[in-house]
Amino acid sequence: MALLLNRKYGSRLECLYYILTSCYNKFGTSNVFSLKDLKYDDDDSKNVHQYCQQLQNILGRQCCPYLNNPLSLSKCYATQSVDSDSTKSKAVSDIGGSLEALGFITRLGKRTYKVSSEGEKWVNSSFNSSEWEEIARKGVLSYGVIIGFLNRIAELPDDFTYQGLYLSYPHTAETVLYTDPNGISSYIDISTGSQKDSNTRTMSRLIGWCVAVGLIEPKGVAGAASPLAHIKYHDFLNKEELTVRNFKKTALCKSLFNHKLKVANPLSYSRLHKNAESMRENGGEDLRNATLQNKSKILDRRYVFVYVLNHYSKNNRALDFEKLVQAMENHSEAFFTAGNDAHAIMESECEIGDIAGIPFTIENDTMFVAKTTIEESVLNEDAPSESIKLAKKIIEEMEAM
DNA sequence: GAGAGGTTTGGAGAAACAGC
DNA sequence: GCTGTTTCTCCAAACCTCTC
């Protein structure tokens, strides 16, 4: 159930590797664990400090170099500890999401996981080996959001800056009539997109991963003498902050879309919209409630777009956008808020293709040609059966036009 | 070199949900 | 029902780049 990652914690693949090593030694591939099991615990003989190669000796203690206060009880920047978690589980949550996006752990229930066979292979590879980087690269390229990022930079010159690139949930201009619990009605612009700092955090993450697996190189950074990207740019990757804005594409990056890719970890149904339940400020309760009232419409129309585009991609056909909107308008209640233009909304919503792992080109103004196919079972993982049925019906209706 | 303005990141606070 | 988890927005510190 891959999600849109937007925190710094999991941006260092090396940290993820040591955390996964600790996890694998505790649970193997057959035992279930939850995120709190990844947090540093002094009483755990297999905690992450037993495997981490980045610890620094400070005042006679082994300390994580990425904590602002190395002597902090948090112990590990990326997971925090059972004794002190100044990030309210945001860190360990991001680590779980990262390992899942890479395909190294698999989600079983809402909050339970197992180490996957790919994860096991990665743990059993040596950090300094090409095998390590190959497994990591396969993981990075399996993540839908990365494919969206690589598609965006494919349109840029070989030497590029990531300033101005945004990878986030689409913004639709959409006003709905909302009645609060006191019976007072007002028009509210519902919140469909991400805030700017969320984009910044996502970008920081994606760049870290792409450099580590040899897809892009930081400009003006003298790397170490190694053919392996994660060794060559080890110091750059382990910097506290991303400060380089200029990058260069590698040959691998430039050839990536020569063939149609199959994306193993696209965003899942429920991740096609941000978690609006967690919104609090910026208009407060009414904005949250008005957005939540329309959550299923937002999810379903994004899902249908991705599902249908993938269907046509699998059949090596282009999607007729006009027909799609027409078919969706036949089920207007399911997809669109009253008083808003369906065509305009879908023109915004189709941007979801990038982060969902299925970027596309547009031919003859209305024909959408996908550059990838995505793993449908991951997209459908938490999709209601009604939504899946509706997506199939839309395809039938399009074919009948 | 100073100052303005932008970026990156950690952390706080909040709401809803999951699971016991 | 309670506790812990998940993930959002916002704030601010620290740092960077750009201009003069």
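- Annotation: the span from A:Ile95 atom CD1 to A:Leu38 atom CG amounts to 8.5 Å, rounded to 0.5 Å.
- For A:Leu3, the side-chain atoms get nearest to C:dT7 when compared with the rest of B:dA16, B:dG10, C:dT7.
- Pairs of residues two or more places apart, or lying in two chains, that qualify as salt bridge (charged side-chain N to carboxylate O under 4.0 Å, His left out) and include a residue from residues 41-51 of chain A are A:Lys26-A:Asp44.
- Considering only side-chain N and O atoms, A:Tyr77 lies under 4.0 angstrom from the phosphate OP1 or OP2 of B:dG10.
- Judged by distance alone with a 3.5 Å cut-off, no donor-acceptor contact links the side chain of A:Arg271 to the base of C:dT6.
- Annotation: salt bridge (charged side-chain N to carboxylate O under 4.0 Å, His left out) contacts involving residues 207-227 of chain A, sequence neighbours excluded, comprise A:Asp159-A:Lys219, A:Glu217-A:Lys232.
- For the pair A:Thr112 and A:Val244, both in contact range of DNA chain B, the more 5′-proximal nearest nucleotide belongs to A:Val244.
- A heavy atom closer than 4.0 Å to some atom of DNA chain B occurs in no member of residues 144-153 of chain A.
- Atom NZ of A:Lys295 has 12 or fewer neighbouring heavy atoms from other residues, nucleotides or ligands inside a 6.0 Å radius.
- Remark: A:Arg317 engages A:Tyr312, A:Asn315, A:Glu399 in a side chain to side chain contact (heavy atoms under 4.5 Å, CB included) (not counting sequence neighbours).
- If you measure from atom NZ of A:Lys90 to atom C1' of B:dA14, you get 10 Å, rounded to the nearest angstrom.
- Under 3.5 Å, the side chains of A:Gln80 and A:Tyr9 contain no donor-acceptor pair of N or O atoms.
- Using a 4.0 Å cutoff on non-hydrogen atoms, no part of residues 21-43 of chain A comes near DNA chain B.
- Residues passing the salt bridge (Lys or Arg N to Asp or Glu O under 4.0 Å) test with A:Glu131, sequence neighbours excluded: none.
- At whole-Å resolution of the value, CG in A:Leu4 and P in C:dT7 are 11 Å apart.
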**Message:** Is there a side-chain hydrogen bond (donor to acceptor under 3.5 Å, both in side chains) between A:Glu322 and A:His343? Walk through the geometry before answering.
**Reply:** CA-CA 8 Å; A:Glu322 296 301 320; A:His343 201 277; 3.0 Å; yes

